[in-house]
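Step one of this worksheet: look at the structure below.
What you see is a predicted model; the values in this text were computed from it and never measured. Counting starts at 1 for both ligands and their atoms, following the listed order. Just so you know, residue 1 is the first one in the sequence shown, and it goes up from there.
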Amino acid sequence: MKVQTINVEYTKNHKPKPDWKNLEFGRVFTDHMFSMDYTEEKGWHDPQIVPYQNLTLNPAAITFHYGQTVFEGLKAYVTANGDVQLFRPEKNFTRLNHSNDRLCIPHIDEELALEALKKLLTIEKDWIPTEEGTSLYIRPFIIATEPYLGVAPSKQYKFMIILSPVGAYYKEGINPVKIAVENKYVRAVLGGTGEAKTAGNYAASLMAQEIVEKDGFAQVLWLDGVEKKYIEEVGSMNVFFKINGEIITPKLNGSILDGVTRDSVIQLLKSWDIPIVERRIAMREIAEAHENGTLEEAFGTGTAAVISPIGQLTWEEKDYTINDGKTGKIARKLYDTLTGIQYGKVEDPFNWTIKVDME
Ligand SMILES: *Cc1c(COP(=O)(O)O)cnc(C)c1O
């Protein structure tokens, strides 16, 4: 592929920086953004960094009507020495292309995308928060921009990267949450788009989430879309259980998202010689393990929260309290190790982090 130069147009109006101590998730955006366009004639072209601004799109753009769009989520972290690090970013761009395949969107050049991200980070370095536990959330995404109301893959696209400084996910350390097992709605089905990070999956999940929130639950635990028997994910996180000393997580089956945190957790557990098995898990099995006292821990994994311990599951009107509603030892160790690696506080034996040259 031809090397493409990334043009930069600097902003003349720097926005005021937010209150670093009270950052919310995903509400504040930095001064610049990356964008690149696709047409059939030119392929992906015009990679550029421009001032953060609204887009002008034709109201008939396919993305608005048929949801032909994909996204990613990762973070940049500042270490104690002031270095800026990314955590396995190549996995996110590979996964973006995987999602592209499912949504009939042309592949992006993964190397160019990573180069563009690094360049954007150097320009926005003053926007990367340094307070304990904070980070810069990175949202790469692609939208179908062709104005056409026929149901067909778009012939035009826009790939963008926007950045948002975010606060510590947990203000007082990691706290176990209450989860409702969802028996009516489903997130994804085999043969559907569950494995892709595409907008429709999240639109489809809103209603179940809204309903359980009213009853004080943080998230729903999704069961499989056919029999509603087998565990898939928790909210927009992958899920792990510890039963009788062994960790289990649902095997990737096509309707479960292949999380970077999930993969990192599996590799860490293996390196610690803790038994970890990927297989189909029935909700009934979790309930039985609880009843016979062998359900020791449960937690979700994802970039935003890293590790989210589950203190209680509610299924068919019955409450199952896990580990007395406290954070389990494995969840704690995984959280400390992963965040330790991300913030450069502990050794990174897997070479997961890459340093961004800020020159
Ligand atoms: C993004 C996402 C995850 C977590 O993936 P990470 O790469 O670990 O952030 C899990 N499930 C769903 C549905 C997701 O969208």
- Against heavy atoms of Tyr202, which atoms of ligand 1 measure under 4.0 Å?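 Near Tyr202, meaning under 4.0 Å from one of its heavy atoms, ligand 1 has 13 (C), 14 (C), 15 (O).
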- Task: Could you list which atoms of ligand 1 come closer than 4.0 Å to a heavy atom of Gly259?
- Result: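 Every atom of ligand 1 under 4.0 Å from some heavy atom of Gly259: 5 (O), 6 (P), 7 (O), 8 (O).
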- Message: Do Leu295 and Met283 sit in one hydrophobic cluster, given that two such residues count as connected whenever their side-chain heavy atoms are within less than 4.5 Å of each other, even indirectly?
- Response: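 Yes: a chain of side-chain contacts under 4.5 Å links Leu295 to Met283.
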- Query: So if you build clusters from Ile, Leu, Val, Met, Phe, Trp, Tyr with side-chain heavy-atom gaps below 4.5 Å, do Val306 and Tyr137 land together?
  - Reply: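 Looking at the clustering, Tyr137 is in a separate group from Val306.
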- Message: For the CD atom on Glu111, are there more than 12 heavy atoms of other groups (residues, nucleotides or ligands in this structure) within a distance under 6.0 Å?
- Response: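 Open: at most 12 neighbouring heavy atoms sit under 6.0 Å from CD of Glu111.
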Under 4.0 Å between a side-chain nitrogen and a carboxylate oxygen: does that hold for [X] and [Y]?
X      : Y      : result
Arg102 : Glu195 : no
Glu285 : Arg280 : no
Glu291 : Lys318 : yes

For ligand 1, which is the ligand I care about here, please tell me if [X] has any N or O atom under 3.5 Å from one of the ligand's N or O atoms.
X      : value
Arg95  : yes
Asn238 : no
Arg187 : no

- Taking the minimum heavy-atom distance to atom 10 (C) of ligand 1, which of Ser255, Ser236, Gly300 ranks first?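 The residue whose heavy atom sits nearest atom 10 (C) of ligand 1 is Ser236.
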- Task: Can you figure out which of Asn92, Val260, Ile256 has its heavy atom closest to atom 7 (O) of ligand 1?
- Result: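 Nearest option to atom 7 (O) of ligand 1, by heavy atoms: Val260.
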- Query: Can a cation-pi geometry be assigned to Lys119 and Phe34, taking NZ or CZ under 6.0 Å from the six-membered ring centre and within 45° of the ring axis?
  - Reply: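 That pair does not qualify as a cation-pi contact.
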Among all protein heavy atoms, pick out the one at the shortest distance from [atom]; state its residue, atom name and that distance to 0.1 Å.
atom                    : result
atom 12 (C) of ligand 1 : Glu233 OE1, 3.3 Å
atom 8 (O) of ligand 1  : Thr261 OG1, 2.6 Å
atom 9 (O) of ligand 1  : Thr303 OG1, 2.6 Å
atom 1 (C) of ligand 1  : Lys197 NZ, 1.4 Å

- Item | Sole candidate of Val220, Val177, Val181, Leu221 that passes side chain to side chain contact (heavy atoms under 4.5 Å, CB included) when paired with Val234 |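 For Val234, the side chain to side chain contact (heavy atoms under 4.5 Å, CB included) test succeeds with only one of Val220, Val177, Val181, Leu221, which is Leu221.
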